[in-house]
2 protein chains.
Amino acid sequence: MTSTSARELEHPQCGEIRLEAVLHALSDPMRLQIVRYLATLGRDGEAPCSAIDLVVTKSTSTHHFRVLREAGVICQIYRGTAKMNRLRREDLDGLFPGLLGTILDADAAQCRRLGDGH
Amino acid sequence: MTSTSARELEHPQCGEIRLEAVLHALSDPMRLQIVRYLATLGRDGEAPCSAIDLVVTKSTSTHHFRVLREAGVICQIYRGTAKMNRLRREDLDGLFPGLLGTILDADAAQCRRLGDGH
DNA sequence: CAGCTTGTACGATACATGGCGTACTACGGT
DNA sequence: ACCGTAGTACGCCATGTATCGTACAAGCTG
């Protein structure tokens with residue numbers, strides 16, 4: 001077999017990404033928290049699932065990452081024992097210019113307004 | 001009683017509008033269709049529920065309008081036998097600058113891409 | 001190899017959601 | 001007073017979602 005190691009994950013292609021799915025994925029506080037964190041890493045920054053301190057069990061966490069991946073919001077690849085997560089900024093901006101940024105700004109505004117310790 | 005007629009509807013105040021709820025409200029195709037339509041009416045344009053041709057029964061339609069209202073996306077008032085709907089653009093733009101516009105643009109882009117007869 | 005760390009898979013559960021139908025209310029016109 | 005139009009309320013049902021726990025798999029590292 002070619003060397004593109006096992007443990008590949010399914011990702012929607014750009015053309016398959018649906019706005020409704022993206023909005024739905026981002027409409028959950030926990031998933032928004034994940035995206036907010038990934039966004040702080042800058043272009044192409046990536047982080048393992050464990051980098052984000054979610055207050056749920058691992059299986060629930062896996063579930064939320066999966067929803068984000070299947071909606072086309074993040075891209076996940078295995079790197080050793082970890083699974084790295086990265087925002088699909090380029091793809092999203094290509095399809096929906098400014099959407100991700102605007103939502104992140106809105107989220108930041110709301111955190112500020114509600115006094116959430118970002 | 002004062003003349004502020006009966007049949008008033010509950011609307012979240014600006015401070016109560018939550019980003020997650022707004023995104024959730026907009027993550028349904030039917031609700032997005034409603035918002036898309038209201039957006040074509042221009043600032044302060046309003047339309048009765050019946051103006052939008054949804055392919056569901058009246059009760060389901062009522063349900064979707066209610067979700068939009070409770071999320072703070074639209075404002076509804078009774079006018080005679082009709083119930084008029086209006087986008088809360090000002091309020092939303094105040095809280096989340098550019099959000100509504102960007103989502104509408106993204107939706108338009110997707111409709112174009114998928115060849116939806118808008 | 002043995003054990004630790006990461007994360008998955010699967011089943012259970014509780015609740016939310018979207019859809020329907022039917023019965024009802026409120027208002028305007030005749 | 002009556003009818004038609006617009007929309008609500010409520011109950012029902014099927015499906016989806018968020019959560020958990022337990023059992024497991026894949027890689028590092030000693």
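The chains referred to below are lettered A, B, ... by the order of the sequence lines, with proteins before strands, and numbering in each begins at 1.
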Could you tell me whether the side chains of A/Thr57 and A/Thr60 share a donor-acceptor contact shorter than 3.5 Å?
yes
Expressed in angstrom and rounded to an integer, what is the separation of A/Ile77 atom CD1 from C/dT6 atom P?
17 Å
Taking CD1 from A/Ile52 and C1' from C/dT6, how many angstroms apart are they, rounded to a whole number?
14 Å
Among C/dG7, D/dT5, D/dA9, the one nearest any side-chain atom of B/Ser59 is D/dA9
Taking the side chain as every heavy atom from C-beta outward, state whether A/Arg89 and A/Leu100 have any pair of such atoms under 4.5 Å apart.
yes
B/His24 side-chain N/O to C/dA16 phosphate OP1/OP2 under 4.0 Å:
no
B/Met30 CE to C/dG18 C1': how many Å, rounded?
9 Å
Minimum-distance nucleotide to A/Ala82 side chain [options: C/dG7, D/dA18, D/dG7]
C/dG7
Report the distance from atom CG of A/Leu54 to atom P of C/dT6, rounded to the nearest whole Å.
14 Å
Could you give the CD1-to-P distance, from B/Ile74 to D/dG7, as a whole number of Å?
11 Å
Can you measure A/Met84 atom CE to D/dA26 atom P for me and round it to whole angstrom units?
20 Å
D/dG7 base to B/Ser50 side chain: any donor-acceptor pair below 3.5 Å?
no
B/Asp28 has its side chain closest, among D/dG7, C/dG18, C/dG7, to C/dG18
Would you mind checking if B/Glu90 and B/Arg43 are paired as a salt bridge, meaning a charged N to carboxylate O distance below 4.0 Å?
yes
Does B/Glu46 come within less than 4.0 Å of B/Arg79, counting only side-chain N to carboxylate O?
yes
Are the side chains of B/Cys111 and B/Arg36 in touch, meaning some heavy atoms are under 4.5 Å apart?
yes
Rounded interatomic separation in angstrom, taking CZ from A/Arg66 and P from D/dG16:
14 Å
Nearest-nucleotide wise, let me know which of A/Lys58 and A/Thr81 is further upstream toward the 5' end of DNA chain D.
A/Lys58
Tell me what A/Arg79 touches on the nucleic acid: a base, only sugar-phosphate, or nothing, going by heavy atoms under 4.0 Å.
nothing
Give a yes/no on whether any side-chain N or O of A/Thr60 is located under 4.0 angstrom from OP1 or OP2 of D/dC20.
yes
For atom CD of A/Glu8 and atom C1' of D/dA25, their distance in whole Å:
17 Å
Both A/His63 and B/Gly80 contact DNA chain C. Which one's nearest nucleotide lies toward the 5' end?
A/His63
